[in-house]
Amino acid sequence: MDLSDISINEAKEIQSRLSQKLVIGGKPDKINNVAGVDVAYINKENIALCVVVIFSYPALELLSVNYNHDTVTYPYIPGLLYLREGPIILKAFENIKIQPDIVIFDGHGIAHPRRFGLASHIGLNLNLPAIGCAKSFLYGSYEEPAKKKGSSSTLYDEYNKPAGVVLRSRENVKPVFISPGHLVGIDESVEIVMNCLARYRIPEPLRFADIEVNRYKKKLLMNF
DNA sequence: GCGACAG
DNA sequence: ATCTTGTCGC
């Protein structure tokens, strides 16, 4: 059975079931590098592009960049991002040369309706520590964090249990939503993301992955 | 039934 | 995510 044949209800059941296997808490003993993953699309050609970058940690020097693309097989459905982005991301991880100590994803971890967002799904699948760093809200309740950089507020699930943190990654900008995906805790996720911040809203690994995936996209577009 | 809704 | 020009601000 292909991923593209999975029904929405099946996918949701799988998420709820696999969510039980997640290990949330702590952090890797030693973090020497941090990976960032971003995906872009060429809708007209039905192509998904994925870039995985790896930075040294905490120095944040670029260690490697990996480019991949393939045809997309699933539409975007809120809460089921994995079905659309999972295949190209997993393919990308087959090609990277350096073993990442932890990975930051453009999306949520356990701050998700079934506690199993993209970062959790990929993290569990690859048995890698994973953090979700989303640019917008998906699930939970929270108070607006203060305007100052580093201010944060807890994201709670429907049982009032913490699922993540809303973090002001820069002065006076829209906050980002941080939640652990797998093999890391909430506070540790925030700590690591904070250490990956330079002078922008988005942590460096994700920001650079975004820049590179769009450059890659432009390059591919010239061949059409 | 009516909104909300990662990328 | 993507479609799109100029424009306000640090």
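Scope of the values below: all heavy atoms of this structure, side chains included, with no hydrogens, waters or symmetry mates. In what follows, chains carry the letters A, B, and so on, assigned in the order in which the sequence lines appear, proteins first and then strands, with residues in each chain numbered from 1.
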Trainee: Would a distance-only check, ignoring hydrogens and angles, find a side-chain to backbone donor-acceptor pair under 3.5 Å from A:Ser153 to A:Glu143?
Mentor: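 A pair under 3.5 Å: yes.
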
Trainee: Assign A:Leu80 to base, sugar-phosphate, or nothing according to its heavy-atom contacts below 4.0 angstrom with the strands shown.
Mentor: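 Counting heavy atoms under 4.0 Å across all strands, the contact made by A:Leu80 includes a base.
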
Trainee: Ring-plane angle category for A:Phe93 and A:Phe105, please: parallel below 30°, perpendicular beyond 60°, tilted otherwise.
Mentor: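 Tilted: the ring planes of A:Phe93 and A:Phe105 meet at 30° to 60°.
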
Trainee: Write out the stems for DNA chain C, ordered by first number and formatted as range with range, counting runs of at least 3 consecutive Watson-Crick or G-U wobble pairs under 3.5 Å.
Mentor: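 Runs of three or more consecutive pairs: none qualify.
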
Trainee: Quick check: are there more than 12 heavy atoms from other residues, nucleotides or ligands sitting under 6.0 Å from NZ of A:Lys91?
Mentor: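 Yes, enclosed.
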
Trainee: Please state how far atom CD1 in A:Ile42 lies from atom P in C:dT2, giving the value in whole angstrom units.
Mentor: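 Answer to the nearest Å: 9 Å.
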
Trainee: Step through the shown structure and confirm whether more than 12 heavy atoms of other residues, nucleotides or ligands are within 6.0 Å of CD on A:Glu144.
Mentor: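 More than 12 heavy atoms, drawn from other residues, nucleotides or ligands, come within 6.0 Å of this atom.
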
Trainee: Could you tell me the separation between the CD1 atom of A:Ile77 and the P atom of B:dA4, rounded to a whole number of Å?
Mentor: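 Roughly 19 Å, once rounded to whole Å.
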
Trainee: So what does the secondary structure string of DNA chain B come out as, 5' to 3', with Watson-Crick or wobble pairs under 3.5 angstrom, [ ] for crossing and | for pairs with another strand?
Mentor: .......

Trainee: Starting at CZ of A:Phe177 and ending at P of B:dA4, how long is that distance when rounded to a whole Å?
Mentor: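 Atom-to-atom, A:Phe177 to B:dA4, this comes out as 15 Å.
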
Trainee: Look at the side chain of A:Phe137 and decide which nucleotide, out of B:dG7, C:dT2, B:dC5, has an atom nearest to it.
Mentor: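 In terms of side-chain proximity for A:Phe137, the closest of B:dG7, C:dT2, B:dC5 is B:dC5.
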
Trainee: Please state whether the rings of A:Tyr142 and A:Phe137 are parallel, tilted or perpendicular, taking 30° and 60° as the class boundaries.
Mentor: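 Judged by the thresholds at 30° and 60°, the geometry between A:Tyr142 and A:Phe137 is tilted.
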
Trainee: Under 4.0 Å, heavy atoms only, any strand: does A:Gly132 hit a base, just the sugar-phosphate, or nothing?
Mentor: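 No contact.
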
Trainee: Is the phosphate of B:dG7, meaning OP1 or OP2, less than 4.0 Å from a side-chain N or O of A:Lys135?
Mentor: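 Looking at the OP1 and OP2 atoms of B:dG7, one of them is under 4.0 Å from a side-chain N or O of A:Lys135.
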
Trainee: Can you tell me if A:Tyr76 touches the phosphate of B:dA6, counting only side-chain N or O atoms and a distance under 4.0 Å to OP1 or OP2?
Mentor: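 For B:dA6, OP1/OP2 do have a side-chain N/O of A:Tyr76 under 4.0 Å.
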
Trainee: When the distance from CZ of A:Arg201 to P of C:dG9 is rounded to whole Å, what number comes out?
Mentor: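 So the two atoms are 21 Å apart, to the nearest Å.
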
Trainee: Take atom CG in A:Asp29; do more than 12 heavy atoms of anything else shown fall under 6.0 Å from it?
Mentor: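 Incorrect, the count does not exceed 12.
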
Trainee: Send over the distance from A:His112 NE2 to B:dA6 P, rounded to a whole Å.
Mentor: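 Taking atom P of B:dA6 as the reference, NE2 of A:His112 is at 10 Å.
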
Trainee: Taking atom CG as the centre, does A:Leu221 end up with more than 12 heavy-atom neighbours from other residues, nucleotides or ligands that are less than 6.0 angstrom away?
Mentor: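 It does: A:Leu221 CG has more than 12 such atoms within range.
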
Trainee: Can you check the A:Asp106 CG to B:dA6 P distance for me, whole Å?
Mentor: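 It works out to 12 Å between those atoms.
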
Trainee: Does the side chain of A:Ser136 get closer than 4.0 angstrom to OP1 or OP2 of B:dG7 through an N or O atom?
Mentor: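 The answer is yes; a side-chain N or O of A:Ser136 sits under 4.0 Å from OP1 or OP2.
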
Trainee: Is any side-chain N of the basic residue among A:Asp157 and A:Arg115 closer than 4.0 Å to the acidic one's carboxylate O?
Mentor: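 Looking at A:Asp157 and A:Arg115, the cut-off is not met.
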
Trainee: Would you kindly say whether A:Asp70 and A:Asn68 are connected by a side-chain donor-acceptor distance under 3.5 Å?
Mentor: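 Checked: A:Asp70/A:Asn68 side chains show no N/O donor-acceptor pair below 3.5 Å.
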
Trainee: For A:Arg170 and for A:Val39, find the nucleotide of DNA chain C with the closest heavy atom, then tell me which residue's nucleotide is more 5'.
Mentor: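 So the residue in question is A:Val39.
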
Trainee: Over how many whole Å does the gap from A:Lys44 atom NZ to C:dA1 atom P extend?
Mentor: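 Taking atom P of C:dA1 as the reference, NZ of A:Lys44 is at 21 Å.
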
Trainee: Is A:Ala40 touching bases, backbone alone, or none of the nucleic acid, heavy atoms closer than 4.0 Å?
Mentor: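 Result for A:Ala40 = sugar-phosphate.
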
Trainee: Keeping A:Arg201 on the side-chain end and A:Ser169 on the backbone end, is there a donor-acceptor pair under 3.5 Å?
Mentor: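 It does not hold such a pair.
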
Trainee: Without decimals, in angstroms, what is the distance between A:Ile178 CD1 and B:dA6 C1'?
Mentor: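 Distance, rounded to whole Å: 13 Å.
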
